[in-house]
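These notes concern the structure reproduced below.
Keep in mind that the numbers below use all heavy atoms, side chains included, and drop hydrogens, waters and symmetry copies. On a predicted model such as this, the values are computed, not experimentally measured, just so you know.
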Amino acid sequence: MTLKNYWLMKSEPSAFSFDDLRKAKSQTTSWDGVRNYQARNTMRDSMQVGDGVLFYHSNADPPCIPGIAEVVREGYADHTAFDPKDSHYDPKSRKESPIWYVVDIKFVKAFKEPVTLPKIRATKELQKMVLVRPGSRLSVQPVTRQEWEIILRLGGIGREK
DNA sequence: GCCAACGTTGGC
DNA sequence: GCCAACGTTGGC
């Protein structure tokens with residue numbers, strides 16, 4: 001048995017919001033368009049079905065985590081890289097040797113109260129989150145189990161399952 | 001809208 | 001392999 005891991009994934013709500021995920025077909029989406037190698041590696045190599053995901057709204061006012069999702073499909077090729085008409089098209093990525101990967105995530109639950117970035121910054125136990133590390137811009141990043149539980153408590157969900 | 005910090009690109 | 005220039009991210 002493998003232990004469940006936790007992650008945080010950033011999205012600009014104007015591009016794709018947590019509510020978009022809730023309303024999506026099967027409440028599921030493929031996390032496409034990521035063009036950063038570190039984030040790619042995380043999705044390709046580390047994220048597993050059942051892992052918990054904090055959905056983060058960047059460039060929002062205030063930036064916040066509105067709720068949680070879960071990984072429902074592990075890393076596979078990002079098809080948007082193959083499509084010349086797609087804004088994320090990358091001619092260097094070929095179907096026989098893809099460069100970019102996605103995972104699928106599914107809506108799990110909205111927080112009673114979104115956990116805002118100022119709230120996270122003000123919470124002592126969350127000072128070491130990758131999210132608030134100075135200079136960190138990673139769009140897919142690891143979250144510790146402790147951080148996960150604190151965020152859920154702040155969001156009003158409490159202990160999950 | 002500004003701009004600092006970061007990642008990538010490409011000339012040499 | 002260095003590093004300047006450029007594009008992007010994302011908080012404010």
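B:dC6 atom C1' lies 11 Å from atom CD of A:Q38, rounded to whole Å. One interatomic measurement links the two molecules: CZ of A:R133 to P of C:dT9, which rounds to 20 Å at whole-angstrom precision. The distance between atom CD1 of A:I120 and atom P of C:dC12, rounded to the nearest whole Å, is 11 Å. Distance, A:L8 CG to C:dT9 P: 16 Å, rounded to whole Å. Taking atom OH of residue A:Y56 and atom P of nucleotide C:dT9, one finds them 14 Å apart after rounding to whole Å. As a whole-Å value, the separation of A:M9 CE from C:dT9 P is 15 Å. Nucleotide C:dG11 holds its C1' atom 20 Å from the NZ atom of A:K119, rounded to whole Å. Between the CG atom of A:N36 and the C1' atom of C:dT9 there is a distance of 10 Å, rounded to whole Å.
With rounding to the nearest 0.5 angstrom, the SG atom of A:C64 is 9.5 Å from the CG atom of A:L117.
A:Q141 is listed as a side-chain neighbour of A:K10, based on a closest heavy-atom distance under 4.5 Å.
In the set B:dT8, C:dG11, C:dG10, C:dG10 carries the atom at the smallest distance from any side-chain atom of A:K10. Of the candidates B:dT8, B:dA5, C:dG11, B:dT8 carries the atom nearest the A:Y37 side chain, counting heavy atoms from C-beta on. Minimum atom distance to the side chain of A:R137 is reached by B:dG7, of the listed B:dG7, B:dT9, C:dC12.
A:R73 forms a cation-pi arrangement with A:Y76, by the criterion of a distance under 6.0 Å to the ring centre and an angle within 45° of the ring axis.
Comment: A:D78 engages A:R35 in a salt bridge, judged by a side-chain N to carboxylate O separation of less than 4.0 angstrom.
Residue contacts for A:R121: at a heavy-atom cut-off of 4.0 Å it reaches the sugar-phosphate backbone alone, with no base atom in range.
No hydrogens or angles considered: a donor-acceptor pair under 3.5 Å links the side chains of A:D51 and A:W7.
Not a single donor-acceptor pair, N or O on each side, falls under 3.5 Å between the base of C:dT8 and the side chain of A:R35.
Comparing A:N59 and A:G135 against DNA chain B, the residue whose closest nucleotide sits nearer the 5' end is A:N59.
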